[in-house]
Amino acid sequence: MKKLVIILIAIIATTSFAQNKNAKASIEVNGVCMMCKERIEKAAIKTKGVKAADWNVETHELKLFYDERKTNLQTIQQNIAAAGHDTQDITAEDQAYNGIDDCCKYRDEQVVKDHEGNPEN
């Protein structure tokens, strides 16, 4: 009985320490400009447990610091997709995508070309 209790305590302790309160991750998110950057970062930060989010306009890489005890990458990506931006694993629904500004329509080849070399637009 004593061994069983010790094993059970060890399992519980291991499980509780398995989640990182300062997890780092990097995901790909589509966008074309500084307005997209603001929207993407805001959607990520609004996710409970996300401490920091920084999206790079040129590489489309979103770097995250978050608490795995409060959220996960799937939830963060769902919130970004709900704001209208495709992520590496989730495609934004058309209604959300159509709600972003016309100059941010990253699925439109002409809009992407218009932003090349000048993501400030």
Side-chain angles (χ1 to χ4, degrees):
M1 182 68 173
K2 194 174 184 181
K3 287 182 182 181
L4 181 61
V5 171
I6 292 171
I7 292 171
L8 186 58
I9 290 171
I11 291 172
I12 291 170
T14 303
T15 305
S16 65
F17 290 115
Q19 293 181 323
N20 186 355
K21 69 177 183 175
N22 292 311
K24 294 179 186 179
S26 179
I27 59 173
E28 184 177 330
V29 181
N30 288 327
V32 291
C33 65
M34 298 305 285
M35 287 175 59
C36 293
K37 176 180 174 67
E38 184 177 326
R39 188 179 309 105
I40 291 164
E41 290 174 355
K42 184 177 180 180
I45 294 281
K46 280 185 157 183
T47 306
K48 184 178 180 174
V50 175
K51 299 174 181 182
D54 182 38
W55 183 72
N56 185 300
V57 178
E58 293 176 14
T59 64
H60 296 186
E61 179 184 24
L62 176 64
K63 293 182 181 180
L64 297 162
F65 278 101
Y66 66 101
D67 186 339
E68 288 181 330
R69 299 172 303 173
K70 296 180 180 178
T71 193
N72 57 51
L73 289 177
Q74 182 74 18
T75 300
I76 297 167
Q77 290 184 79
Q78 287 171 339
N79 290 342
I80 293 168
H85 290 272
D86 297 344
T87 71
Q88 63 190 32
D89 297 324
I90 300 175
T91 302
E93 292 186 15
D94 289 340
Q95 182 178 358
Y97 175 76
N98 291 333
I100 64 176
D101 298 303
D102 287 340
C103 70
C104 296
K105 303 286 186 185
Y106 55 87
R107 294 178 188 164
D108 183 323
E109 288 182 34
Q110 187 58 49
V111 170
V112 173
K113 285 181 184 178
D114 291 346
H115 284 289
E116 285 180 2
N118 190 10
E120 298 287 323
N121 290 340

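When side chains are defined from C-beta on, I100 counts as touching R39, because their heavy atoms get closer than 4.5 Å. Between I80 and L62, the closest side-chain pair of non-hydrogen atoms falls below 4.5 Å. The side-chain heavy atoms of K48 and T71, taken from C-beta on, include no pair separated by under 4.5 Å. Considering only heavy atoms from C-beta on, N72 comes within 4.5 Å of T75 through its side chain. Counting heavy atoms from C-beta on, the side chains of K105 and Y97 come closer than 4.5 Å.
Atom CG of L73 and atom OG1 of T47 lie 10.5 Å apart (nearest 0.5 Å). The structure places CG of D108 at 10.0 Å from NZ of K113, a figure rounded to the nearest 0.5 Å.
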Going by atom type alone, with no hydrogens or angles, which donor-acceptor pairs under 3.5 Å involve a side-chain atom of residues 21-34 and a protein atom two or more places apart or on another chain?
| unit_1 | atom_1 | unit_2 | atom_2 | d |
| --- | --- | --- | --- | --- |
| N22 | OD1 | K51 | NZ | 2.7 |
| S26 | OG | E61 | OE2 | 2.5 |

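Under the 6.0 Å cut-off for aromatic ring centres, H115 and Y106 do not qualify, their centroids lying 6.0 Å or more apart.
Between E41 and K37 there is a salt bridge, since at least one side-chain N of the basic residue sits less than 4.0 Å from a carboxylate O of the acidic one. Using a cutoff of 4.0 Å between basic side-chain nitrogens and carboxylate oxygens, R107 and D94 are scored as salt-bridged.
When atom types are taken as modelled, the side chain of D67 and the backbone of R69 share a donor-acceptor pair closer than 3.5 angstrom.
A ring pair (Phe, Tyr, Trp, His ring centres under 6.0 Å) check over residues 27-50, counting only residues at least two apart or in different chains, returns nothing.
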